[in-house]
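A quick write-up on the structure given underneath.
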Amino acid sequence: MNDNIADFSGGRTYVLDNELARIVHISMALEMPLLLKGEPGTGKTMLAHAIAENLNMELIVLNVKSSMKLIDALYQYDTLTRLNDSRFGDSNRDVSNINEYIRMGKIGQAFSAAQRVVLLIDEIDKADTDFQDDMLDILDQMQFDIIETDITVQAKVRPVIIITSNAKKDLSDPFLGRCNFHHIAFPDPKMMRQIIAVHFPGLDENLAQGAIATFYKLRDVEGIEKRPATRELINWLRALASDPDFKTDRLVEEEVPYLGVLFKKSPDYKKAASIYSQARK
Amino acid sequence: MFSDFFYSLREQGVPVTPTSFLTLHKALNSGLIENLDDFYIAARSILVKSERYFDQYDQVFTSHFEGTPLPEKDGLILDEIASQMLRQWLQNPGATARMLGEDEEHLQKLSRTELLAYFKQILQVQKDEHHGGSKWIGTGGTSPLGHSGYHPSPMRVEGESSAKTALRVAAERRYRDYSTQGPLTRARIGEALKRLRKLVPAGAKDRINIEKTIYRTVKIGGEIDIVFEPRLQDRLKVVLAIDNGGWSMDPHVKIVQTLFDYAGTQFKDIKTYFFHNTIYDTLWQDAGRSKKPFSIADFSRFDPETRLIIVGDASMAPYELGSQDGSIHIQERSGRTSIECLKYLAETFPHSAWLNPLQENMWDYSQTVGMVRQIFSMFELSLDGLEKAISQLKA
């Protein structure tokens with residue numbers, strides 16, 4: 001086991017709770033992919049960035065798309081370039097060598113990397129079930145074949161694999177069976193204070209407290225379709241902090257500037273705004 | 001080691017697999033786990049694969065390692081009902097007190113904890129000494145927990161004529177998960193659409209049209225000119241027929257409609273029709289089922305590749321399906337039985353599915369559901385069911 005695994009404790013801009021740190025630790029030691037679920041804005045994607053940064057590994061991100069085929073994530077055979085090269089003969093590539101025209105996809109890159117890398121497979125739920133299961137096979141065996149050249153690409157070092165999913169629906173059983181699982185709950189105000197502190201060192205304490213309190217109040221407004229998440233709070237604080245006219249006690253007086261930073265859907269925005277205008281009357 | 005723990009997890013309904021149990025042992029052997037805290041976290045992330053079971057896991061864990069008794073299932077449900085009563089009380093103390101036949105002022109004096117205990121006590125009595133509807137929880141009463149009462153109940157209890165008590169029905173847990181994992185709610189529509197999208201393969205210009213390429217290449221004297229074209233787009237036509245009659249379907253119509261309105265962009269062509277209970281010669285294009293009749297005979301002019309999706313609970317009196325004048329609406333009676341009409345539809349549209357908002361384990365209770373299932377493949381109107389329906393419709 002690599003020594004530096006134990007050192008993982010969160011990145012510069014990522015606050016890691018103890019529980020999650022241990023799960024990351026265990027998954028890395030067991031060499032199993034870690035599946036993270038949780039509502040948007042709980043830092044699922046950020047975790048992979050933090051691990052990579054913390055352990056000085058390269059991060060390779062595979063953003064899953066619904067139309068994606070597994071082969072795209074493994075490698076691509078660039079027939080077109082080869083055809084053009086054979087016609088014009090003006091490139092340095094050797095047209096007779098197919099390998100020159102095989103490009104590694106994200107999983108392929110992770111496998112062929114000389115050092116251990118972090119492979120983030122983001123939003124796996126977007127792809128269909130076949131994609132998910134086939135991918136897990138590949139990740140299990142840590143190898144795949146390039147059909148055109150009959151070469152087997154084998155992982156030199158097992159990458160640290162983080163998989164994220166937004167779906168409320170469970171993934172398939174064989175998939176789950178091969179992953180470790182963690183559900184990231186939305187951070188509580190105390191945790192949020194720490195997160196804010198990491199992002200805004202030296203932020204005015206009153207402002208932070210007031211903003212967080214207002215933020216959680218706004219999150220609880222009934223009937224909101226898209227509740228503001230950590231990302232929105234950070235952007236909002238950035239807006240508040242950069243406004244020279246803004247004074248913290250205005251928050252206490254139930255006045256919330258830049259609501260649009262928090263609420264991205266117009267019905268939500270109106271709902272939140274109307275609640276505050278009522279409160280002032 | 002810990003095999004008791006493993007089995008009590010299974011008993012409590014947490015789907016743990018032997019493979020994951022072995023993985024846990026691997027973790028134990030590799031010295032990763034030093035104390036109980038580590039074990040708690042490691043075992044959870046390895047064994048439990050959905051946040052839905054975290055609660056049960058916690059219960060089993062505490063029971064196994066700290067000796068806390070596992071809560072009785074009945075007790076849990078009592079707790080739940082009692083806390084619903086408390087919510088009811090907080091919203092409307094007067095009405096709740098009247099229903100319980102208690103003095104409002106007396107109840108006001110109690111703290112929330114005391115109230116909760118008091119409610120539980122009432123429920124316990126109800127549970128132990130129920131004699132058939134004379135107590136305050138039952139169907140047709142005015143309690144917040146029964147069915148057909150005047151109170152907008154937070155928990156709908158089904159049962160038109162059955163003498164089941166609310167408590168019994170709750171204990172069967174049929175509606176317990178309604179909001180979290182059962183059929184679709186508005187918030188889940190986006191998720192559901194992801195499944196629907198499977199019907200429509202994306203079309204990027206990534207296919208080479210060889211004939212055209214050769215033609216163009218020859219035309220310009222051997223200079224290779226590659227012609228791309230998009231893959232054939234499978235923009236499906238969909239016919240949606242919704243049962244919007246009767247109280248049983250009321251809660252679902254809106255969801256279903258919103259679902260397919262959103263889907264409108266995905267499908268080239270979506271037509272919505274309405275019916276009550278089952279389909280005879282006519283479907284209705286207006287939700288009121290009075291203005292715009294549509295004869296199902298006209299479906300024969302439709303593209304047979306059209307996908308037919310029927311949404312309904314398929315629960316009715318058997319004669320409505322089998323009798324020649326089975327319709328409860330006199331103008332719909334034409335001499336053909338509904339069974340024949342349904343068969344005609346199934347033949348006209350070989351790709352069809354029936355979505356049923358009732359949960360699947362309830363289907364056997366209705367004779368007509370079985371009859372309809374002989375004609376159409378039926379799926380539960382939930383994410384899982386929808387996904388199955390979609391894969392059937394895709395074929």
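Proteins get letters first, then strands, A, B, ... in listed order; numbering begins at 1 in each.
Residue-environment remark: CZ (A:R87) exceeds the threshold of 12 foreign heavy atoms within 6.0 Å.
For B:Y57, the side-chain hydrogen bond (donor to acceptor under 3.5 Å, both in side chains) criterion is met by no residue, not counting sequence neighbours. With sequence neighbours excluded, the residues satisfying side-chain hydrogen bond (donor to acceptor under 3.5 Å, both in side chains) with A:E148 are A:Y75. Here B:D38 pairs with A:R22, B:I33, B:E34, B:N35 under the side chain to side chain contact (heavy atoms under 4.5 Å, CB included) rule; sequence neighbours left out.
Between A:I26 and B:I46, some side-chain heavy-atom pair lies under the 4.5 Å cut-off.
With rounding to the nearest 0.5 angstrom, the CD1 atom of B:I226 is 8.0 Å from the OG1 atom of A:T79. Rounding to the nearest 0.5 Å gives a distance of 11.5 Å between NE2 of A:H25 and OG of B:S45.
In this structure, the portion of A:F88 lying under 4.5 Å from any heavy atom of chain B is its side chain and not its backbone. For A:L35, no part lies under 4.5 angstrom from a heavy atom of chain B. Proximity to chain B (any heavy atom under 4.5 Å) is restricted, for A:L80, to the side chain, taken from C-beta onward. With a threshold of 4.5 angstrom between heavy atoms, B:L47 does not approach chain A through any atom at all.
Residue A:L30 comes nearest to B:K26 through the heavy atom pair O-NZ, 3.9 Å, listed as atom of the first residue, atom of the second, then distance.
Checking side-chain atoms of B:K49 against main-chain N and O of A:C179 turns up a donor-acceptor pair under 3.5 Å.
At a heavy-atom separation below 4.5 angstrom, chain A is approached by no residue within residues 211-220 of chain B.
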